[in-house]
Amino acid sequence: MSAKLLVDASYFVVAVLFILGLKAMASPVTARKGIVWAGIGMVVATLVTFATPGMQNFGLIIAAIALGGAVAWWSGKVVKMTDMPQMVAIYNGMGGGAAAAIAALEFARGEVHGVVFTALATLGALIGAVSFSGSCVAFAKLQGLMTKAWRLPAQNAVNIVLGLATVLVGVGIVVSGDPTTTQIIAFFILSLVLGVIITLPIGGADMPVVISLFNAFTGLAVGFEGYVLGIPALIIAGIVVGAAGTLLTQLMARAMNRPITNILFSPITGEAQAGSGPTGTMKECSAMDAASMMRYAQKVIIVPGYGMAVAGAQHKVYEMTKLLEEAGVEVSFAIHPVAGRMPGHMNVLLAEAGVPYEQIFDLEEINEEFGQADVALVIGANDVVNPVARTDKTSPIYGMPILNADKAQNVIVIKRGKGAGYSGIENALFFEDNCRLCYGSAQGVVGEMIGHVKALS
Amino acid sequence: MEALYIFMLAAFTGYEVIARVPVILHTPLMSGSNFVHGVVLVGAMVVLGHADPEDPLQLTIGFIAVVLGAANAAGGYVVTERMLAMFTKKN
């Protein structure tokens, strides 16, 4: 069997493994198997690539794999569960960067010929570079390296001009057939800047959608470069991810009732609400009062949010849940589709703490039940329980489905400080008569509550 | 032309795979698909493998491509595996 045939046959098996793996990951029962299959596929693909005819520079290839693989493996192992979203973002960005670098090298070698090949290489480079720089910005924001959402004056005009300029240079490359170095460099710089500019103003609950969008982008970029290189495994894996990622992005955007175009071009900013904020006073309450309220309640619904993730309080929260249940209280968890920084982020954290599936409910499943709840305990969630989304047409989050925590008899909010939420919008819930605020980190406050619940039983 | 069919079928496959997924798996699945496009590593290896050994620019770009691709694959795997491990614990 010739080496070429062996390589091609292996790539075919790899493509099948990827698709089966993804399919298995779509169900909780088989999910673990899925990633292992896909992992085997990746190892086979990497090994067999060494047998590709005409390959050289093996030392460099092995060194590069060892470097990139080891650093990423290690950082993925040590990262805390709560920091997962930004890790997904940065690894995804690296994939996009790799696709862009592939295109750059193909251009440098002068190996891209014909309109179709040049067009796909260019398009893949554009998408990959945008995904790379955009994901780096997303990482910096989620990691807390960049706290403010930057918004240029005339942001949309800048986006459009920059986008058009990039496309024009790209078209120039395709039309010329034999692009100059200047053209190529200009094109890559424009693409990278475009990714940064698009991502800078995006914040709050929109972040997960953008990460998912860049994930789909990288998939497409990989697919296009796969076509240029003539490797079907790359085309299949890339386009499958591109399509799956696009659908996932749509599902998330729909959950927030915000079309993708709004997320990209009219980001949520607090300024829109200036002067029309809710009025009234916020009422504080101690962890002890809150604990006794819950201890003697029939039904408690917990609404976790990013604050719980930041504080790493999920274990404490579950400990308290178990204590309350022993005391005869019915406790359930209400998860907003975009609570945290990724869809399903809260589910992952609660699963880590050991909360059973049956206690965790989606927005549609539980929203009617807040009316019967004695206490809604909001832990570090803000925008997803803000009733202005239902009532105030001028609010930037108007129309977003929210958890009706305000419908509960009593609402207790655990909150780090008096400031507004990540989106910068004042939360009308905090000013309601039935709402009390417990200030402090989720970890500390829930810890205190546990002590008081114990004392009461 | 052949590639067009591959594009179409692959896109359809991706759509079908995701179509009915419970919300709790959205994050792991995003992470899993992030891992799958780490196969870009293969493309990066091929281009670096065909780069001119005398040309430092080509070697540098190729080296960066492989480092980034390997990071995408390795990081994507570890993170996805860790997340999914938590879901299967109780089943």
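Everything numeric here is computed off the predicted structure, so don't read it as measured data. Chain identifiers are assigned alphabetically (A, B, ...) following the order of the sequence lines, protein sequences preceding nucleic acid strands; residue numbering begins at 1 within each chain.
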Point to revise | side-chain contact (heavy atoms from CB on, under 4.5 Å) between Met94(A) and Val67(B), worked out | key: CA-CA 9 Å; Met94(A) 288 178 170; Val67(B) 169; over 6 Å; no

Student check: side-chain heavy atoms of [X] and [Y] closer than 4.5 Å:
X	Y	answer
Val78(B)	Trp74(A)	no
Tyr77(B)	Tyr91(A)	no
Val88(A)	Met83(B)	yes
Val46(B)	Ile231(A)	yes
Asn34(B)	Phe214(A)	no

Chain B heavy atoms under 4.5 Å from [X]: which part of the residue, side chain, backbone, both or neither?
X	result
Glu225(A)	neither
Leu22(A)	both
Val78(A)	backbone
Leu251(A)	side chain
Val228(A)	neither
Val116(A)	neither
Phe58(A)	neither

Between chain A and each of [options], count heavy-atom pairs under 4.5 Å; write down the option with the most.
options	result
Gly14(B), Ser31(B), Ala11(B)	Gly14(B)
Val40(B), Val17(B), Val66(B)	Val40(B)
Ala73(B), Ala74(B), Gly69(B)	Ala74(B)
Val47(B), Leu59(B), Asp55(B), Thr80(B)	Val47(B)

Exercise for review: Given side-chain contact (heavy atoms from CB on, under 4.5 Å), test Arg109(A) with Asp52(B) step by step and report yes or no.
Suggested key: CA-CA 8 Å; Arg109(A) 289 174 60 212; Asp52(B) 179 358; over 6 Å; no

When rounded to the nearest 0.5 angstrom, what is the spacing between [atom1] in [X] and [atom2] in [Y]?
X	Y	atom1	atom2	result
Ile19(A)	Thr13(B)	CD1	OG1	5.0 Å
Ile64(B)	Ile102(A)	CD1	CD1	12.5 Å
Phe35(B)	Asn92(A)	CZ	CG	14.0 Å
Leu229(A)	His50(B)	CG	NE2	10.0 Å
Leu234(A)	Ile6(B)	CG	CD1	11.5 Å

Check your understanding: Under the salt bridge (Lys or Arg N to Asp or Glu O under 4.0 Å) rule, what pairs show up with a residue in residues 7-16 of chain B, not counting sequence neighbours?
Key -> Glu16(B)-Arg20(B)

Point to revise | Expected output: side-chain Asn57(A) to main-chain Leu48(B) donor-acceptor under 3.5 Å | key: yes

Check your understanding: Is it true that a side-chain atom of Arg82(B) and a backbone atom of Met84(A) form a donor plus acceptor pair closer than 3.5 Å?
Key -> no

Practice item. Please report the C-alpha distance between Leu67(A) and Phe63(B) in whole Å, then the side-chain angles of each, then the deciding distance to 0.1 Å, and finally whether the side-chain contact (heavy atoms from CB on, under 4.5 Å) criterion is met. Key: CA-CA 10 Å; Leu67(A) 177 65; Phe63(B) 187 79; 4.2 Å; yes

Can you give the donor-acceptor pairs under 3.5 Å from side chains of residues 241-249 of chain A to other protein atoms, not counting sequence neighbours?
| from | atom 1 | to | atom 2 | distance (Å) |
| --- | --- | --- | --- | --- |
| Thr246(A) | OG1 | Gly242(A) | O | 2.5 |
| Thr249(A) | OG1 | Ser212(A) | OG | 2.8 |
| Thr249(A) | OG1 | Gly245(A) | O | 2.5 |

Exercise for review: Assess whether side-chain contact (heavy atoms from CB on, under 4.5 Å) is satisfied between Arg32(A) and Glu81(B), documenting all intermediate values.
Suggested key: CA-CA 7 Å; Arg32(A) 187 83 182 277; Glu81(B) 212 274 337; 2.8 Å; yes

Can you tell which of [options] has the highest number of heavy-atom pairs within less than 4.5 Å of chain B?
options	result
Gly95(A), Ala99(A), Ala237(A), Ala63(A)	Gly95(A)
Ile236(A), Ile211(A), Ile235(A), Thr218(A)	Thr218(A)
Thr46(A), Leu105(A), Thr49(A)	Leu105(A)
Gly34(A), Ala72(A), Gly41(A), Ala64(A)	Ala64(A)

Exercise for review: Answer yes or no: does atom OH of Tyr15(B) have more than 12 heavy-atom neighbours from other residues, nucleotides or ligands under 6.0 Å?
Suggested key: no

Taking every non-hydrogen atom, the tightest pair across [X] and [Y]:
X	Y	answer
Ala104(A)	Ile61(B)	CB-CG2, 4.0 Å
Ala38(A)	Val36(B)	CB-CG2, 4.4 Å
Met30(B)	Asn215(A)	O-ND2, 3.4 Å
His37(B)	Gly219(A)	CD2-N, 3.9 Å
Val348(A)	Pro28(B)	CG2-CD, 4.3 Å
Gly32(B)	Met25(A)	CA-SD, 3.7 Å

